[in-house]
Amino acid sequence: MTTPDLFAQDPSSPELARAHELRKLLHQHAHQYYVLDAPLIPDAEYDRLFQALQAIEAAHPDWVTADSPTQRVGGKVLGQFATVRHAVPMLSIRTETDNQASGATSFDMRVRRELGLTETDPPIDYVVEPKFDGLAINLRYEQGVLIQATTRGDGESGEDVTQNIRTIGQIPLRLPSGTPDVLEVRGEVYMRRDDFERLNQTQRARIARGDKGEKTFVNPRNAAAGSVRQLDPAIAARRPLSFFAYGLGEVRGGCSGQQVFATHFELLQTLKQWGFPVSDLVRTASGAAGLVAYHQSIGQQRDQLGFDIDGVVYKVNSLAMQQQLGFATREPRWAVAHKYPAQEQLTTVLDIEVQVGRTGKMTPVVRLAPVFVGGVTVTNATLHNEDEARRKDVRIGDTVIVRRAGDVIPEVVSVLLEQRPAGARQFSMPHVCPVCGSAAAREPDEVDYRCVGGLFCGAQRKQAISHFAHRRAMDIEGLGEELVSVLVDLGLLNSVADLYHLSIDRLKGLVIREEPFVGKGGVMVTKTVTIQDDLANKLLKAIEQSRRRPVDRFVFGLGIRHVGESTARDLARFFGSVERIMAAHVETLLCVPELGAVTAQSVVSFFEQAQNVQTVASLLTQLELTLVQPQAVPPVLDFGNLIPRLLVKGLLTRGSKATQSLLDRFPTPDALLAAQGNGSLIIGSPEETVAMALAGSPWPQVLEQLAELGASWQGAKALATGGSPYAGKTVVLTGTFASMGREQLEQRFLALGAKVSKSVSRKTDFVVAGDKAGSKLDDALKLGVQVLREEDLKDLPGQA
DNA sequence: TAGCCTCGAGTTCT
DNA sequence: CTCGAGGCTA
């Protein structure tokens with residue numbers, strides 16, 4: 001039915017000539033579109049040409065040629081693939097597993113030795129290229145027409161997947177004239193990451209629709225392999241595959257690789273001219289140093305590439321040298337693959353445990369057989385919550401795929417169901433706390449199970465204390481989790497208040513842990529680690545120093561739910577003292593910017609518990625907390641924002657239920673003030689005065705005056721921080737800085753009236769990028785946010 | 001009320 | 001770093 005050579009046909013028919021013309025055009029445009037990624041005509045125009053050709057071919061089936069673009073899609077469903085013997089074996093190349101530079105240098109040394117070079121000889125030229133994570137394919141062209149495509153198989157023979165490979169737009173079906181009579185091009189079929197994501201999305205949609213036999217893929221490599229080995233070419237045609245050429249197989253007649261090209265690099269350039277996609281990451285490199293540099297450079301770009309790679313490949317560039325080096329058994333001596341640590345690995349699930357967090361949140365965690373993935377050994381991975389655990393359906397004994405992709409945190413990607421041991425039971429969250437035995441329940445509309453034990457629960461008590469000692473809270477150096485655990489178990493520490501009653505006598509000689517190790521003569525001995533005087537003194541000194549900390553760190557350290565670092569700072573700035581926060585009512589708390597009903601209620605609930613009040617009161621007698629930021633900016637209450645906020649929060653608008661009840665209870669501001677005892681609606685000396693002056697007036701007049709004052713206060717605030725280009729701006733810091741720590745820099749910006757935020761958005765004014773800037777810098781560039789380097793900050797005042 | 005923008009909380013390993 | 005959810009704004 002098909003004729004291999006187009007020119008064997010009668011050229012006199014105008015329709016036939018048109019078909020010929022259309023094929024030529026379509027080949028050209030396909031190359032522009034798929035390979036060069038620079039279409040010259042709109043898709044619709046391409047489709048129009050395509051349909052015109054289809055129409056002619058439908059009328060004259062005998063005119064259809066093997067290389068016709070219409071033949072990319074089509075063919076029939078196969079029962080199985082035919083096995084084809086390779087004319088030239090598809091060898092594998094040796095892999096350097098070493099993830100250090102030594103992999104590159106040892107290859108260079110080996111090559112030099114085998115070529116008989118000495119140290120005085122010039123460095124060897126190499127071609128370096130990424131090692132794509134896909135599957136190797138051999139493309140056979142005869143008289144310039146693609147006639148067969150085969151998988152690598154065992155290297156000697158592979159499977160005939162011609163039908164499916166034809167559907168890949170990047171692979172030319174016909175070559176320009178002047179190519180060898182027989183030409184085999186080898187390369188990698190792979191799937192781009194974005195194509196992979198899109199494919200899985202549509203697959204999920206199909207599954208949701210109930211389509212039988214559809215599934216999602218674990219990774220792009222599997223998707224590519226699955227698609228190439230798809231028996232139904234119509235399905236394969238829907239799969240977005242890509243191709244990179246990197247070498248040759250059999251070549252006969254016309255020009256022959258060995259004779260025409262002097263180097264591998266020239267060969268690749270020629271393949272590119274013939275219409276094959278060649279990666280633009282391919283480079284030449286000189287000597288071991290060049291290899292090392294390339295390995296590093298690609299390693300750094302690895303996560304940003306549009307496709308997966310598992311390493312890089314080094315090839316001796318000179319074909320003459322390649323010939324001289326020859327082969328060792330089944331591997332070329334002139335090439336080597338230098339792999340990166342795998343980012344995905346298989347391992348088994350040893351156990352699934354439940355951890356209890358500071359807030360009582362119960363988190364299921366899988367214990368894994370140690371596995372080296374992404375450069376580190378992973379033994380744990382979180383399942384986050386019950387829903388997530390159900391979705392992934394991980395069970396003890398399962399074989400799972402573990403990933404450490406662009407991020408750092410290991411994650412279970414999926415379970416290999418076919419390897420599940422019989423009788424493996426589905427995981428379910430326990431309904432009691434695994435630590436203290438209290439009830440554990442999941443609130444409606446929440447994903448998390450929580451232990452209700454509170455500080456009765458050992459896990460929560462220990463973590464509450466650790467949190468208090470945290471670097472960003474009271475910063476008690478040397479008081480780590482292990483030590484806290486020991487002290488709590490011994491009954492020396494029952495609450496954070498006990499910290500300030502510890503003495504050297506009580507600490508000295510306490511057993512921290514028993515450590516087994518191999519002693520003399522291979523006998524196992526247990527070593528008892530105890531607290532030495534040195535350590536005890538250090539710890540006591542750190543505790544002593546922590547007596548003087550800013551109010552906001554203390555508030556953060558209390559561990560009130562929903563009150564993190566930032567909210568603690570807001571609270572401290574607004575109220576000025578812990579006592580005032582303790583006395584505050586929900587209504588007062590709602591006046592704090594950025595603080596809503598949920599958090600306000602949480603604060604009130606915390607101080608409704610007698611135990612907490614007792615602990616805090618005890619602490620306050622022990623501590624000399626310092627005021628928040630006694631710097632340039634006074635704790636100014638922004639009236640301009642306050643009024644709309646009070647309105648929005650329903651405190652000052654008639655109509656809403658909350659307002660109504662508030663107004664019923666407090667018909668005038670002074671009634672509210674009186675009800676709050678020592679607290680006042682507005683805190684801080686100037687504002688307090690204002691509030692007093694207003695006492696007695698009805699709400700509407702208060703509002704009016706507040707509005708007036710708001711304007712002048714904003715002016716005052718601008719004055720206070722005026723002159724600084726950062727006043728009122730939102731700044732995000734990323735990376736590390738040479739002149740000072742990040743926290744210090746953060747303080748500087750806060751002092752200048754800037755807001756330091758943790759994530760970049762369109763509302764961010766500046767991103768300050770230090771060394772090793774992370775993804776926030778990318779975000780900044782993406783969103784067009786102004787980026788400052790450390791040296792641009794020279795004008796930061798207060799740089800004592 | 002939806003759709004940002006942030007913050008809080010939990011997690012891993014060197 | 002990521003997820004979920006609180007708070008604010010259009």
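Lettering follows sequence order; numbering is per chain, from 1.
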Please list all pairs passing the salt bridge (charged side-chain N to carboxylate O under 4.0 Å, His left out) test where one or both residues lie in residues 345-358 of chain A, with sequence neighbours left out. A:Glu353-A:Arg367

All pairs passing salt bridge (charged side-chain N to carboxylate O under 4.0 Å, His left out) where residues 456-473 of chain A contributes a residue, at least two apart: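 Qualifying pairs, neighbours excluded: A:Lys462-A:Asp489, A:Arg471-A:Glu743, A:Arg472-A:Glu565, A:Arg472-A:Glu743, A:Arg472-A:Glu746.
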
Please determine, for the side chain of [X], which listed nucleotide ([options]) has the closest atom?
X: A:Thr567; options: B:dG8, C:dG7, B:dC13; result: B:dG8
X: A:Thr377; options: B:dT14, C:dG6, B:dG10; result: B:dT14
X: A:Thr382; options: B:dT11, B:dG10, C:dG7; result: B:dT11
X: A:Val365; options: B:dT12, B:dG10, C:dG6; result: B:dT12
X: A:Gln355; options: B:dT11, B:dG10, C:dG6; result: B:dT11

If the condition is salt bridge (Lys or Arg N to Asp or Glu O under 4.0 Å), which residues does A:Glu477 pass it with, not counting sequence neighbours?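 A:Glu477 satisfies salt bridge (Lys or Arg N to Asp or Glu O under 4.0 Å) with no residue once adjacent residues are dropped.
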
Validation row: A:Ser485, A:Val488 side chains within 4.5 angstrom (heavy atoms): no

With sequence neighbours left out, write down each residue that passes side chain to side chain contact (heavy atoms under 4.5 Å, CB included) with [X], or none if nothing qualifies.
X: A:Ser428; value: none
X: A:Gln609; value: A:Asn612
X: A:Arg192; value: A:Tyr190, A:Asp194, A:Asp195, A:Ser242, A:Phe307
X: A:Thr615; value: A:Ser495, A:Val496, A:Ala497, A:Leu619

Can you sort out which residues in residues 465-476 of chain A have a heavy atom within less than 4.0 Å of DNA chain B? Ascending by number, please. none

Protein N or O to nucleotides 2-6 of chain B N or O, pairs below 3.5 Å:
residue, atom, partner, partner atom, Å
B:dT6, OP2, A:Ser761, OG, 2.8

